[in-house]
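See below for the structure under consideration.
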Amino acid sequence: MDKLEDKMTIFTPEDFQDEEELIAKTAELFIKQDVSPNITAIEKHQYEVTRQLFQKAGDLGLLAIEIPEAYGGLELNKKISGLVAERMGYGGSFSVSYNIHAGVGTLPYVYFGNASQKLRYLPKLASGEWIGAYALTEPDAGSDALHPKTNAILNEDGTAWVLNGEKQWITNAQLADIFVVFAKTNEGMTAFIVERTFTGVSVGQEEEKMGIKGSSTATLILEDVVVPKGNVLGEVGKGHKVAMNILNMARLKLAFSNIGTSKQALQLAVNYGKERKQFQKPIVDFTMIQEKLADMAVLIYGAESAAYRTAGEMDDVIELASKESMVQKIADFAIECAINKVNCSEALGKIVDEAVQIHGGYGYMQDYEVERLYRDARISRIFEGTNEINRLTIAKMLCKKYAQATSKNNVSLANLPSERNHQYINLSKHLMQTAMTVIVGAQINLEQEQEYMGLLADIAKDIYIMESSLFRTEKAENEKTKQLMTDILCQESFRKIKNSTIDIIAAETNEQIRKTWLDDIQHLNIPLHQNLFMKKREIARSIINNPKSIS
């Protein structure tokens, strides 16, 4: 949150070069030509079809984006990985299987594997010969994932570990050749590499789900599974480092996939709205429909701006980091990864909901693709840590940083220009500082009164998105639609931040102090609000007339 220096250094989607766009085009064509025609087969759990798609994706290099060249990979960065994940977001259930494989199913070996582990597993994962999975969740350890019941005991001669337990809701379970499994040891939680062929490894029945029906989800069962000592991933007792850092990166990858699906839903809504006529004219000509389309586009613009900014900043830091400091550098982005996960998953939820609404009764019918998108989207607010857990992460880390800054007398506001949207951001930062001061001063027990943490997390999220969008727009220079979207983002987000801050101030039990804080808000020099309805109509017309602007 405090890494911003110069708006011209912030990475935006417009910065991609032609050769990078070609990689994205490869993913786009793969979805269009190979995945989409097989959606029905995938949804019916025809695993051989999915496995063939993985091998095709491997042939195209789509599984190797972040794998080092020495192990058959392309050794590319988070930005390109995000761009590919975005395009893969059009692939329904297969995009979920892909994200798990390319993310949590592969990255643990990249960042925590030793040389022999990388040599054995990464080439197979890069080619699609093997499919990867990640086994953290248990029936009694979902959000509290760092306290598993699955246990690992070192055998008498110290050559192997014996694992027992069950891991629940494991994506790719029926397909996976290899699992990263987390189990408790006497030294603490530890990550293990478990191959499917190990004796005692079995998989339960396929779960019947609301959405993402084509992705395999089942229980991984471990019964006296003997895992060689050399299959410990990272250090014994340090599995939490593997789990949390890999989840940080997985959250960002999921955010990009959600952006892709959001664009797909908006495209479907625009196309249908242009064809569907009521009262002798296309429904896209009605301003309430235009408002919906504009709101969807604004959500996508904010999500894109924030996610690519984060990926760019991570790449800059990782590029300069030593091997020893790499894990800590990734951990430093926990707030940003959580923000993007929460924002993109909730943006997707709103966008697919409005896409169904624009389709009317037809949107409820399985003959229309938007019905599947609606069901598939719901899991994203649960995946990779629920949004509630991610909000707690954001708020706790913010409060920790605030306490450190105040102890050093280092709390200050950015000196931003006086332009309207800069004012909204500066005022919002002032309100966030007020909110954190109230939380500390009122001695709110954040563990028990989590509602305040949720509000604080949303304030931080909205500021990050406002800031990312503003600097992207200023970098683009004179692009009218982007300016309109940024105007809407900043004005609407400021209103939410102001209301959230007032709700937090209400926790102050001293009436005089509470009145002082509220008076301060009432006397803020807020820019004169503009007519956003007119701006939204202009955005909608731009999208309707130029559908390619969505992608």
Next item on the list: For the pair Arg87 (side chain) and Glu28 (backbone), establish whether a donor and an acceptor sit closer than 3.5 Å, ignoring hydrogens and angles.
Entry: no
Check: Are Asp487 and Lys535 within salt-bridge range, i.e. N to O under 4.0 Å?
Finding: yes
Checklist line | Which atom of Ile170 lies closest to which atom of Thr137, heavy atoms considered | finding: CD1-O, 4.4 Å
Margin query: So, using ring pair (Phe, Tyr, Trp, His ring centres under 6.0 Å) as the criterion, who are the partners of Phe112 when residues are at least two apart?
Written below: none
Check: Is Glu336 salt-bridged to Arg309, going by a charged N under 4.0 Å from an acidic O?
Finding: no
Item checked: pair His422-Leu470: side-chain heavy atoms closer than 4.5 Å -> yes
Margin query: With a 3.5 Å distance limit and no angle check, can you tell me whether Ser325 reaches the backbone of Ala321 through a side-chain donor-acceptor pair?
Written below: no
Margin query: Tell me if the aromatic rings of Tyr374 and Tyr368 count as close, with their centers under 6.0 Å from one another.
Written below: no
Item checked: Counterpart residues, side chain to side chain contact (heavy atoms under 4.5 Å, CB included), relative to Thr106 (two or more places apart) -> Ile67, His101, Val110, Leu122, Leu125
Check: Is the closest side-chain heavy-atom distance between Phe333 and Asn248 below 4.5 Å?
Finding: no
Margin query: If you define the side chain from C-beta out and look only at heavy atoms, does anything of Leu266 sit under 4.5 Å from Leu293?
Written below: yes
Check: Less than 4.0 Å between a side-chain N and a carboxylate O, is that true for Glu14 and Arg472?
Finding: yes
Notebook entry, point to check: ring pair (Phe, Tyr, Trp, His ring centres under 6.0 Å) with Tyr109: which of Tyr121, Tyr71, Phe179?
Noted result: Tyr121
Next item on the list: Check Leu456 against Ala435 and note the closest heavy-atom contact, atom names and distance.
Entry: CD1-CB, 4.4 Å
Margin query: Quick one, Tyr424 and Pro527 - any side-chain contact, counting heavy atoms below 4.5 Å?
Written below: yes
Next item on the list: Measure from the side-chain N and O atoms of His430 to the backbone N and O of Asn426, and report whether any donor-acceptor pair falls under 3.5 Å.
Entry: no
Item checked: Between Asn387 and Ser345: side-chain donor-acceptor atoms closer than 3.5 Å -> yes
Notebook entry, point to check: Using the benzene-type ring in the case of Trp, are the ring centres of Phe11 and Phe16 under 6.0 Å apart?
Noted result: yes
Note to self: Using the ring centroid of each side chain, check whether Tyr308 and Phe256 are separated by less than 6.0 Å.
What the structure shows: yes
Checklist line | Atom of Asn421, atom of Cys490 and distance for their closest heavy-atom approach | finding: OD1-CB, 3.3 Å
Next item on the list: Inspect the surroundings of NZ in Lys329 and state if more than 12 heavy atoms from other residues, nucleotides or ligands are less than 6.0 Å away.
Entry: no
Notebook entry, point to check: Would you call Asp15 and Lys475 a salt bridge, taking side-chain N to carboxylate O under 4.0 Å as the test?
Noted result: yes
Notebook entry, point to check: Is it the case that more than 12 heavy atoms not belonging to Glu319 sit under 6.0 Å from its CD atom?
Noted result: no
Item checked: Under-4.0 Å salt bridge between Glu20 and Lys79 -> no
Notebook entry, point to check: Can you list the steps and then say if Lys213 with Glu43 is a salt bridge (charged side-chain N to carboxylate O under 4.0 Å, His left out)?
Noted result: CA-CA 5 Å; Lys213 292 180 179 292; Glu43 297 265 306; over 6 Å; no
Margin query: Can you tell me which residue among Arg391, Arg381, Lys341 is in a salt bridge (Lys or Arg N to Asp or Glu O under 4.0 Å) with Glu346?
Written below: Arg391
Note to self: Are more than 12 heavy atoms, taken from residues, nucleotides or ligands other than Lys274, located less than 6.0 Å from that residue's NZ atom?
What the structure shows: yes
Checklist line | Donor-acceptor pair between Glu369 and Gln264 side chains, under 3.5 angstrom | finding: yes
Item checked: Any donor-acceptor N/O pair, Asp376 side chain to Ile212 backbone, under 3.5 Å -> yes
Margin query: With a 3.5 Å distance limit and no angle check, can you tell me whether Tyr98 reaches the backbone of Leu62 through a side-chain donor-acceptor pair?
Written below: yes
Note to self: Quick check on Glu21: does its CD atom have over 12 non-hydrogen neighbours (other residues, nucleotides or ligands) under 6.0 Å away?
What the structure shows: yes
Note to self: I'd like to know if the side chain of Asp458 pairs up with that of Ser500 as donor and acceptor (distance under 3.5 Å, no hydrogens or angles considered).
What the structure shows: no
Notebook entry, point to check: Any sub-3.5 Å donor-acceptor pair from Glu75's side-chain atoms to Glu66's backbone N or O?
Noted result: no
Next item on the list: To the nearest 0.5 Å, tell me how far Ile100 CD1 sits from Asn172 CG.
Entry: 6.5 Å
Note to self: Can a side-chain donor-acceptor contact be found between Tyr301 and Thr473 if the only test is distance below 3.5 angstrom?
What the structure shows: yes
Item checked: Atom of Asn77, atom of Ile65 and distance for their closest heavy-atom approach -> O-CG2, 4.4 Å
Next item on the list: Please determine, by modelled atom types, if Gln328 and Asp332 share a side-chain donor-acceptor pair under 3.5 angstrom.
Entry: yes
Next item on the list: Report the residues that fulfil side chain to side chain donor-acceptor pair (under 3.5 Å) with Asn99, sequence neighbours left out, ordered by chain and then residue number.
Entry: Ser257
Next item on the list: Using atom types as modelled and distance alone, determine if a side-chain donor or acceptor of Ser542 lies under 3.5 Å from a backbone N or O of Glu538.
Entry: no
Next item on the list: Heavy atoms only: give me the nearest Leu252-Ala307 pair and the separation to one decimal.
Entry: CD1-O, 4.0 Å
